Enquirer: 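Shown below is the structure under consideration.
Here is the naming used below: chain letters follow the sequence lines, and residue numbers restart at 1 for every chain. Keep in mind the model is a prediction, meaning the values are calculated, not measured.
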Amino acid sequence: MTRTWVVVPTYNEASVVGDVIRDLVAEFTYVVCVDDGSTDGSADVALAAGAHVVTHPVNLGQGASLQTGFDYALLDPDMTEVLCFDADGQHQISDARAMIERLHAEDLAIVTGSRFLDDRTELGALKRLTLRTAARISRITTGKALTDAHNGLRVLRRDVLERVRITQNRMAHASELVDLLAATGMPWKEHPTHIVYTDYSRSKGQSLLNGVNILVELLFK
Amino acid sequence: MTIILQITTVVVISVATFMLTRSRGARHQAIRRVLLMMFVIAAASSVFVPEWWTKAANFVGVGRGTDLLLYLLVLVFLTYVATTYRRFRHIEEQNTELARGLALLQARQPRTPGPVAGDDHPTA
């Protein structure tokens, strides 16, 4: 018997997190929303939508939120894997479901999403270049040949979560997680995912400056 | 600037980097305090007996005592930045663990476990 816990890090996403959580609960039942000190009532919206809610008393960052979600999921002895899912609705539940099935079918420990394995995701040329460069650099530093190192959609098996601890609270956590996951040496595949960039997710700072941050952190971590 | 000052610069930067990566402890703190004390004495002496600084500057091949003081100030500042960064990171990690522990203790569970789709009214 398998049990997937969905970890949804949230920071001031009250207008969208309710719908995302409702869809997730309908599909997976076990959903924990890690509220990173939101001031707009995101936590109450998530709770009403059927998620378990863990609230950071102060804002710590997305890396810290993921780790808190992992810790919460690990409290359930029946949890077999964790699915990381962004609160802004840019991920597809069908992708997530397929990734979990693939984890079990191919006996993998890690399945991460990639925007570059098919052409469903529409990306601007500059953003594409930034993300491809980031993936190439992380390939050099970790030895892991990834096509997309900064995709929020991830499935991690329990034994991976027991060995990994994110200490980079903020922007650098994505690169750190790639390093940590690569260091476990456990079987890892990428899965094609469709990221939908809505006006909402664009307005949440998925700007090119973010790409600069990613590149700088990869070089000076 | 001669080789002596260049070597000193490299050594201080290396020590700063070393302190960035190595474990902290009482010994490092003691060393930092001794260095800081030396720096304070040096700075004070530069006002009262600037000739010492000029002599020291000439000895290591820097023109004026004030120039030497500036170079030293830069090095001390770099060391300060390095150690402060490390201490800040440490405090941040402790803060994260405290906040996480509190968050997990106060976790809230949904009233009706399982899906009850569509019965929630969006909060205005």
Enquirer: Any Lys/Arg nitrogen of B/R108 or A/D44 sitting under 4.0 Å from an Asp/Glu carboxylate oxygen of the other?
Expert: yes
Enquirer: Output the distance between atom CD (B/E97) and atom CG (A/D71), rounded to the nearest 0.5 Å.
Expert: 7.5 Å
Enquirer: Go through the atoms of A/A51 and report whether side chain, backbone, both or neither lie under 4.5 Å from a heavy atom of chain B.
Expert: backbone
Enquirer: Heavy atoms only: give me the nearest B/A99-A/V58 pair and the separation to one decimal.
Expert: CB-CG2, 4.5 Å
Enquirer: Is the shortest side-chain heavy-atom distance between A/L60 and B/N95 below 4.5 Å?
Expert: yes
Enquirer: Quick one: what part of B/L104 sits under 4.5 Å from any heavy atom of chain A, side chain, backbone, both or neither?
Expert: both
Enquirer: Got a second to check how far A/Y72's OH is from B/R100's CZ, nearest 0.5 Å?
Expert: 15.0 Å
Enquirer: Kindly compute the distance separating CG (A/N169) from CZ (B/R89), expressed to the nearest 0.5 Å.
Expert: 7.0 Å
Enquirer: Where is the tightest heavy-atom contact between A/T55 and B/A103, given as atom of each residue plus distance?
Expert: O-CB, 3.1 Å
Enquirer: Quick one: what part of A/A43 sits under 4.5 Å from any heavy atom of chain B, side chain, backbone, both or neither?
Expert: both
Enquirer: Would you call B/E93 and A/R165 a salt bridge, taking side-chain N to carboxylate O under 4.0 Å as the test?
Expert: no
